J.: 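This is the structure, below, for whatever I ask next.
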Amino acid sequence: MKRTLPLLIASAAGLVMIAAHFFPETQSWGDTAGKWFKILAAAALLLGGGNLLKLQLQEIAAQKPGWGYAAITAIAFVVTVTVGLLKVGVHPLEQFPEYAWSGDYSQNGSALWWLYEYVIRPVTTTMYGMLAFYVASAAFRAFRAKNLEASLLLGTAIVVLLGRTYAGEWLTQGISDDSPWSGLRVDNMTSLIQDIFVTSGTRAIKIGIALGVVATSLKIILGLDRSFLGSGSGD
Amino acid sequence: MEIRQSVPDALSVRDIGVDGKFEMNAFERLLLRLDRRWIFLAMFLAVAVPLLCGLTFPEKVTPATKVVFDTIEAMPEGSKVVISFDFDPASAGEMAPMAAAFVRHCCEKKLKLYLMTLWYYGPPIMEPSLSIIKNEYPHMKYGIDYVHLGYKAGYQVAIRNAMSDLKNDFHVDHYGTAISQIPMMQGIDSLRDMDLFICPGSGFPGPQEWVQFAAAPYHVKMLIGSPGVQTPTILPYVPQQVIGMIGSVKQAAEYEQALIVKQPALKNRPSATEALRRMGPQFVAHLLMIGLIVLGNVAYLSQRSAGVQR
Amino acid sequence: MNREKAVWMIVFLCGAIGLIGRAVVTSSGSAYVRPVEVHTRSKTTGEEYRWVKYEPAPRLERETPGVVRSRPRTIGIWLAAVLSLSALSFLYGDNVFLKITQALVVGVSAGYTFVLYYWSVIVPDLFGNLLSDFTRGWAMPGLEAKVFVDWEQRGVLGLPTGGWLFLIPLAFCVLLLTRLSPVGGWLSRWPLAFFIGVTAGTKLLGYFEADFVAQINNAIVPLVMKTDAGIDWGTSIKNMLTVACVLASLVYFFFSLEHRGALGVVARGGMCVLMITFGAMFALTVMTRITILSNQFEFLFGDWLWLM
């Protein structure tokens with residue numbers, strides 16, 4: 001019951017999705033399973049949000065060092081959820097004005113929109129953009145042409161870095177596109193690197209990953225992989 | 001042999017013996033001891049100064065971009081096009097210009113647009129493209145020429161369901177109107193009824209999932225927009241599963257240039273030249289990166305050739 | 001207070017005074033909107049409703065009649081700028097402003113996701129199917145009416161269709177909540193198993209078709225391309241190289257045999273192909289990061305400081 005039934009559920013769900021692909025009569029089974037999947041994914045995320053709040057409150061209660069930050073997180077979460085669920089600042093739909101809750105929860109000008117636009121968006125953009133600085137630092141401190149493979153990596157990186165800007169075009173502008181040496185133009189070299197080597201390399205990686213995913217999925221559907229059931233404690 | 005402590009922030013961390021005859025010149029000493037915050041400052045200036053100076057470069061449309069442009073150009077008026085905005089604010093710097101260019105081109109060609117997203121930050125991300133339609137193409141009517149289907153949860157399962165049975169999965173559009181009440185949704189049973197798929201996306205779910213669950217099994221016509229970091233993973237699908245791809249801001253700039261050639265008035269519109277504007281910092285920052293790689297290797301090679309004698 | 005801290009404090013103070021002074025003199029960092037009055041009538045009750053919505057206006061139009069300064073959006077721009085600078089301060093070193101920013105963003109992001117999934121999935125897909133009339137009555141009047149049990153339409157195993165089918169995902173959602181409970185947490189394995197089973201089934205098909213069969217198909221290209229004018233050597237050499245590179249890369253990942261002799265040479269070639277691939281990936285990653293950074297700088301220099 002505790003371990004066999006989940007295995008059967010996983011197998012049945014997987015087989016339904018596969019059968020829906022091959023047998024038109026079972027297509028609606030796959031569609032229904034997909035709709036249930038969506039609802040379950042949403043519930044899992046709602047659960048995750050609740051769990052986050054629980055952990056922050058535990059930190060605050062325990063007065064651990066840095067509990068002030070947990071308080072900020074908890075307050076921010078509660079405020080966001082409140083303004084979002086109550087649709088603060090959201091106007092109703094123009095075709096249904098008598099339904100006060102009919103408007104879009106992320107309507108431009110609403111409280112939730114404000115939080116997204118002026119808190120989430122700038123900080124996530126800045127944090128991702130900061131990687132440019134660290135990449136530059138890593139390029140200076142760690143990228144060494146120690147052997148053939150490293151030299152190939154660095155040489156390709158330099159060619160593509162040049163070829164993806166006007167610098168590449170400008171450097172080799174003396175070579176005409178019609179000339180037999182046009183392959184030495186930096187922009188053409190970049191295209192050749194992408195079309196031949198990058199495509200081939202990532203194709204091989206994709207084939208390998210696909211085999212791995214297929215093997216793992218089959219193991220789950222056939223009940224051979226039980227890692228998702230957990231360690232078994234609390235049974 | 002007594003060992004001195006490792007040189008801090010060294011380019012190559014080695015213990016140098018007291019009896020070692022390793023001698024550095026001033027240049028090598030500077031490179032070895034360079035605080036990384038100076039590199040950060042250099043990168044900041046490399047990006048900020050070209051932006052403030054408005055440095056831009058002419059872009060030549062490459063064959064890869066031309067394939068994408070020609071595909072949309074060849075679509076007959078009234079063709080049904082799905083555009084799925086699958087990126088978040090972090091990648092909007094690269095993806096938003098692509099998405100805007102796609103929307104503009106489709107509006108120019110008077111195609112019917114079905115806009116949707118699989119990312120939860122997608123609806124606000126779509127606002128600039130919707131503004132383009134409302135402000136620059138006021139003749140396009142909502143529900144007749146374009147529809148905003150909103151966010152669809154479920155990752156790759158959402159794509160699978162939409163390709164299989166759209167009507168029972170998409171109940172309302174983003175604004176709460178029943179799908180059955182929208183004129184351009186009449187007769188649409190699934191996304192297989194669409195003539196073209198355009199997927200500017202990054203991460204998961206994104207272009208790869210659209211290929212796996214739409215292009216490969218159903219052989220639909222698909223164009224992809226992807227950030228530079230994801231471009232190599234989409235290349236193997238081109239041109240069999242995916243007709244063409246706009247990969248990275250460089251190709252986005254080329255696409256904007258192609259649109260400007262077609263419609264010169266766009267040159268003076270800031271929202272139509274975002275990618276072109278961002279190529280200025282790319283130029284300087286890339287040269288900085290190359291300079292840093294070369295400098296680092298120069299210091300390394302000179303260290304190696306000098307050697308350490310024990 | 002040591003000298004370095006004192007110097008930084010003076011720098012920040014001067015910077016803050018400069019920014020505030022610039023904002024006062026030039027109104028930099030302000031956001032402008034155009035109020036639009038909405039006047040509509042209910043189709044069911046005939047009652048009239050009016051409200052004002054605010055559409056964003058570009059700052060170049062700030063002198064245009066009808067365009068006003070928006071206080072909430074202006075405060076938002078300044079907050080966004082301060083948070084961005086706090087995040088960027090990590091480049092200098094860890095500090096309390098960064099930690100506050102991180103804590104704030106974690107809370108707001110989690111809350112946003114919570115709200116989104118509630119309104120986008122739980123309300124239309126779960127409540128909308130189980131309690132169709134109730135949901136249409138307060139939150140989604142545009143939703144089509146759904147029957148709880150449709151005896152006329154038969155579905156899986158001949159059972160009637162209708163909203164009642166969504167009692168199963170509702171039960172799964174309740175079982176998922178047992179994960180938080182110290183007793184009975186094993187019940188949450190059932191919905192998780194369903195989740196994993198659907199994912200496994202879907203991914204198996206997707207990866208097998210697009211990333212295995214299709215990629216092998218894509219890799220098989222003619223090694224000698226003939227045209228009316230003879231052999232197209234350019235395309236032929238390109239195709240030969242492509243096939244060779246794919247095979248070499250695949251051999252590199254084959255670890256069942258030791259990479260020695262001829263196999264070792266081919267595997268080494270495959271490694272070289274992969275190194276070229278990673279070099280290009282690095283360059284493209286740099287491109288992406290710089291673009292993201294320049295996007296954020298456009299906000300700071302453009303929308304906030306009005307320098308561009």
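Only heavy atoms go into these numbers, but all of them, side chains included; no hydrogens, no water, no symmetry mates. Just so it is clear, the structure is predicted and the values come from calculations on it, not from any experiment. The sequence lines fix the lettering, A, B, ..., with proteins before strands; numbering per chain opens at 1.
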J.: Classify the ring geometry between C/Phe195 and A/Phe37 as parallel (under 30°), tilted (30 to 60°) or perpendicular (over 60°).
T.: parallel

J.: Against chain A, label C/Glu47 side chain, backbone, both or neither, depending on which of its atoms sit under 4.5 Å from a heavy atom there.
T.: neither

J.: Just by modelled atom types, is the A/Glu94 backbone N or O under 3.5 Å from a matching donor or acceptor in the C/Thr40 side chain?
T.: yes

J.: Less than 6.0 Å separating the ring centroids of C/Tyr118 and A/Tyr105?
T.: no

J.: Quick check: does any side chain N or O of A/Trp36 sit under 3.5 Å from a backbone N or O of C/Phe166, one acting as donor and the other as acceptor?
T.: no

J.: Between A/Thr165, A/Ile205, A/Asn51, A/Ile120, who has the most heavy-atom pairs with chain C when the cutoff is under 4.5 Å?
T.: A/Ile120

J.: Can you label the angle between the A/Trp101 ring and the C/Trp138 ring as parallel, tilted or perpendicular, going by 30° and 60°?
T.: perpendicular

J.: Among A/Thr26, A/Leu85, A/Ile221, single out the residue with the greatest number of heavy-atom pairs under 4.5 Å to chain C.
T.: A/Leu85

J.: Heavy-atom count around A/Tyr134 OH within 6.0 Å, excluding the residue itself: above 12?
T.: yes

J.: Between A/Asn108 and C/Tyr54, what is the shortest heavy-atom contact and its length?
T.: OD1-O, 4.5 Å

J.: Quick one: closest heavy-atom pair of A/Gly201 and C/Ser249, and the distance?
T.: CA-OG, 4.1 Å

J.: Between atom OG1 of A/Thr125 and atom CZ of C/Phe299, what is the distance when rounded to the nearest 0.5 Å?
T.: 9.5 Å

J.: Give, for atom CD1 of C/Ile77 and atom CD of A/Glu117, the distance between the pair rounded to the nearest 0.5 Å.
T.: 8.5 Å

J.: Other residues, nucleotides and ligands only: do more than 12 of their heavy atoms fall within 6.0 Å of OH on C/Tyr252?
T.: no

J.: Looking at CG of A/Leu47 and OH of C/Tyr117, how far apart are the two atoms once the value is rounded to the nearest 0.5 Å?
T.: 13.5 Å

J.: What option among A/Gly49, A/Ala19, A/Ser11, A/Ser102 has the most heavy-atom pairs under 4.5 Å with chain C?
T.: A/Ser102

J.: Any donor-acceptor pair under 3.5 Å linking the side chain of C/Thr277 with the backbone of A/Phe197?
T.: yes

J.: Are any side-chain N or O atoms of A/Thr73 and backbone N or O atoms of C/Ala103, one a donor and one an acceptor, separated by less than 3.5 Å?
T.: yes

J.: Using 0.5 Å steps for rounding, measure from the CG atom of C/Leu104 to the OG1 atom of A/Thr80.
T.: 8.0 Å

J.: Please report the interatomic distance CD1(A/Ile18) to CG(C/Leu204), rounded to the nearest 0.5 Å.
T.: 5.0 Å

J.: Is a side-chain donor or acceptor of A/His91 paired with a backbone partner of C/Val38 at a separation under 3.5 angstrom?
T.: no

J.: Return the CD1 to CG distance between C/Ile168 and A/Leu40, rounded to the nearest 0.5 Å.
T.: 12.0 Å

J.: Counting heavy-atom pairs under 4.5 Å with chain C, which one of A/Gly109, A/Gly208, A/Ala41, A/Gly30 comes out on top?
T.: A/Ala41

